Amino acid sequence: MFQKILIANRGEIALRIQRACRELGIPTVAVHSTADAEAMHVRLADESVCIGPPAARDSYLNVAAILSAAAVTGADAIHPGYGFLSENAAFADMVEAHGLTFIGPSADHIRMMGDKIAAKTAMAGLGVPLVPGSDGEVSDLDEAAKIADAIGYPVLIKAAAGGGGRGMKVAASPDSLEEAWRVARGEARAAFGNDAVYIEKYLDRPRHIELQVMADSYGNVVHFGERDCSLQRRHQKVLEEAGSPALSAAQRDAIGATVTAGLARLGYRNAGTLEFLYQDGQFSFIEMNTRLQVEHPVTEMVCGIDLVREQIRIAAGQKLGYAQSDITFSGHAIECRINAEDPDTFMPTPGRVSAFHAPGGLGVRVDSALYAGYMVPPYYDSMVAKLIVHAPTRAEAIARMRRSLAEFAVLGIKTTLPLHQRIIEDPQFQSGDYTIHWLERFVAGGAHPTAA
Ligand code: ADP
């Protein structure tokens with residue numbers, strides 16, 4: 001097992017990883033920017049190292065500073081969390097080249113899945129169903145028009161290097177193809193320095209359903225069931241559930257069997273998530289994330305398993321130690337992502353938190369690095385807390401979320417807590433009958449939207 005783990009991240013996920021390390025008896029090293037000197041992840045770590053000025057490119061993305069911090073503190077493994085360097089294959093290579101362990105998949109698999117075209121090609125070869133679309137990169141507009149005609153409008157132009165919903169544009173008809181093509185490539189070039197794009201059929205009413213997998217270094221692969229992440233705004237997840245209100249146990253088992261068999265053939269290792277669109281009973285793969293996800297706690301709640309602990313154990317060369325049949329699903333879990341944003345305009349609201357009170361009680365979990373007096377810095381992602389509830393049924397989980405949201409007090413800054421209160425009161429959300437487009441319409445509907 002590792003002697004000391006450096007956590008190359010900040011905020012709630014740095015705390016989350018520290019908690020797993022502490023339960024395993026492993027000391028932790030926090031790294032932080034000058035803006036985060038007072039942050040909770042620094043206060044709670046065994047040791048901390050300042051790695052640079054506020055801008056992420058100078059600190060949390062500063063590979064040399066992070067590797068130096070590991071060297072001076074004697075850490076023998078690095079956990080990247082999510083975001084920042086977590087899906088950076090060159091970083092994973094460099095960590096290993098310095099004799100440290102990267103807690104995650106191999107650099108080759110990170111590289112493969114980071115290129116969405118390569119990922120789709122690999123998955124097709126493993127028998128995983130895809131969204132209909134181009135066979136790889138589309139390099140000119142004429143070819144794009146031919147493919148779009150063949151699969152039928154509307155189509156989506158997507159960046160091969162895409163992430164965070166950027167470099168993605170819908171063309172509703174042949175008239176709008178050129179514009180979508182130009183904008184998607186321009187965004188992809190600006191955001192990722194790579195303007196390679198591909199085309200997919202734009203599905204009009206899918207759900208986003210993803211599967212959590214875990215694999216050890218000995219060819220054992222299991223899945224921990226699905227998460228429904230259909231509630232999105234601008235392609236960003238807002239609220240997630242496990243299990244999906246739309247999926248039966250038999251459907252979960254079937255897609256799970258396809259995916260685990262495929263990943264075993266690929267020789268995949270550590271945690272991963274396969275994201276699918278699900279419409280008319282069909283799963284269509286869109287991408288694979290080679291890291292821990294923000295929404296992993298809903299899976300932990302229904303499976304009763306610590307996914308970060310599993311990541312660390314596997315990276316240390318241990319076996320999974322259980323089979324798919326040992327994994328059971330109990331009850332229902334919901335996560336609300338609480339952002340430091342105006343709940344109506346979604347403008348970020350950095351500033352000082354004057355008071356903080358987290359809800360508690362049976363089946364309630366709060367993953368957050370906030371505290372009273374903390375200054376939310378303007379430099380990083382606006383998510384400041386995750387409120388997760390677990391209950392025997394979905395209806396009871398909604399009731400538990402309602403009372404937990406009412407107990408949650410974050411004063412001094414605006415947050416998206418009121419948005420979540422509105423969502424869970426909506427009859428259509430409560431019915432479980434929603435698609436990836438539902439939340440955009442709900443938000444556009446103003447303060448008292450009706451189900452649509
Ligand atoms: P990113 O890596 O930028 O997050 P994804 O490929 O994961 O991009 O897609 C993000 C979201 O965009 C999905 O969850 C879904 O809401 C929407 N989306 C992606 N592909 C399609 C598609 N073919 N049809 C309709 N919506 C899509």
Side-chain angles (χ1 to χ4, degrees), residues 82-84 86-87 113-117 119-120 130-133 154-172 176 179-192 194-211 226-241 244 246 273-279 283-291 293-296 298 335-339 341 343 345-348 380-383 386 416 419-420 423 429 434-445:
Y82 54 67
F84 294 131
S86 61
E87 290 177 294
M113 299 307 169
D115 176 345
K116 293 173 154 198
I117 293 173
K120 287 186 79 166
L130 307 183
V131 184
V155 296
L156 196 56
I157 316 284
K158 296 175 84 169
R166 281 172 302 173
M168 204 188 296
K169 284 286 162 276
V170 184
S176 53
E179 164 93 13
W181 168 264
R182 238 183 341 97
V183 175
R185 286 179 61 120
E187 260 185 46
R189 201 176 311 118
F192 314 111
N194 171 359
D195 65 3
V197 296
Y198 60 105
I199 299 183
E200 271 178 7
K201 173 99 188 146
Y202 180 72
L203 301 181
D204 59 346
R205 50 193 161 77
R207 302 179 77 106
H208 173 119
I209 298 182
E210 59 186 34
L211 205 73
E226 82 284 9
R227 294 183 286 260
D228 197 316
C229 311
S230 302
L231 292 201
Q232 303 180 357
R233 184 181 162 269
R234 300 201 172 160
H235 305 301
Q236 302 270 13
K237 297 161 189 167
V238 172
L239 178 153
E240 303 97 349
E241 308 193 51
S244 168
T273 297
L274 283 94
E275 298 192 334
F276 295 91
L277 296 177
Y278 179 78
Q279 182 171 312
F283 279 98
S284 307
F285 171 83
I286 48 173
E287 70 163 334
M288 178 167 185
N289 292 318
T290 51
R291 57 170 165 85
Q293 305 252 128
V294 174
E295 59 274 22
H296 76 278
V298 289
E335 171 180 279
C336 290
R337 297 190 186 195
I338 318 294
N339 293 349
E341 286 172 8
T345 65
F346 299 99
M347 291 297 287
Y380 313 109
D381 191 85
S382 62
M383 195 187 73
K386 303 187 308 205
T416 52
L419 171 68
H420 288 288
I423 292 171
F429 169 72
Y434 54 76
T435 72
I436 59 166
H437 305 301
W438 181 82
L439 185 65
E440 293 281 3
R441 287 199 285 264
F442 180 84
V443 168

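Positions are given from 1, in the same order as the sequence printed here. All values reported here derive from a predicted model rather than from experimental measurement.
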Closest non-hydrogen atom pair, [X] against [Y]:
X    : Y    : answer
A119 : M113 : CB-SD, 3.7 Å
G167 : E187 : N-OE1, 2.8 Å
S244 : D228 : OG-OD2, 2.7 Å
A160 : I117 : CB-CD1, 3.7 Å
R166 : F192 : O-CE1, 3.9 Å
K116 : A159 : CD-O, 3.6 Å

* Asked: Going by the angle between their ring planes, with limits at 30° and 60°, are Y380 and F84 parallel, tilted or perpendicular?
  ->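 The arrangement is perpendicular - the two ring planes meet at more than 60°.
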* Would you call the rings of Y278 and F283 parallel, tilted or perpendicular, where under 30° means parallel and over 60° means perpendicular? ->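 Geometry flag for F283 against Y278: tilted rings.
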For the residue pair [X] and [Y], establish whether any side-chain heavy-atom pair is separated by less than 4.5 Å.
X    : Y    : answer
Y198 : I157 : no
N194 : R189 : no
R207 : Y434 : yes
L439 : V238 : yes
F429 : F442 : no
V294 : E335 : yes
R182 : K169 : no

Rounded to the nearest 0.5 Å, what's the gap from [atom1] on [X] to [atom2] on [Y]? Could you check?
X    : Y    : atom1 : atom2 : result
M347 : E341 : CE    : CD    : 9.5 Å
L239 : R337 : CG    : CZ    : 9.5 Å
I209 : L274 : CD1   : CG    : 13.5 Å
E440 : L231 : CD    : CG    : 11.0 Å
L277 : L130 : CG    : CG    : 11.5 Å

Under a 3.5 Å distance rule, please check whether [X] uses its side chain to pair with a backbone N or O of [Y] as donor and acceptor.
X    : Y    : value
H437 : D204 : yes
K386 : I338 : no
E226 : L211 : no
S230 : T435 : no
E240 : K237 : no
H208 : I436 : no
Q279 : R205 : yes
R185 : V197 : no
T416 : N339 : yes

Per-pair distances, 0.1 Å, donor-acceptor, side chain in residues 284-291, under 3.5 Å, sequence neighbours excluded:
{"residue": "N289", "atom": "ND2", "partner": "E275", "partner atom": "OE2", "Å": "3.1"}
{"residue": "N289", "atom": "ND2", "partner": "Q293", "partner atom": "OE1", "Å": "2.8"}
{"residue": "R291", "atom": "NE", "partner": "E87", "partner atom": "OE1", "Å": "2.9"}

* **Side-chain donor-acceptor pair present, T273, E210, cut-off under 3.5 Å** =>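 No - no donor-acceptor pair under 3.5 Å links their side chains.
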* Could you tell me whether E200 and K158 make a salt bridge, using a distance below 4.0 angstrom between a side-chain N and a carboxylate O? =>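 Here E200 pairs with K158 in a salt bridge, since their nearest N and O are under 4.0 Å apart.
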* Who passes side-chain contact (heavy atoms from CB on, under 4.5 Å) against P154, sequence neighbours left out? ->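 With sequence neighbours excluded, P154 shows a side-chain contact (heavy atoms from CB on, under 4.5 Å) to V170, Y202, given in chain and number order.
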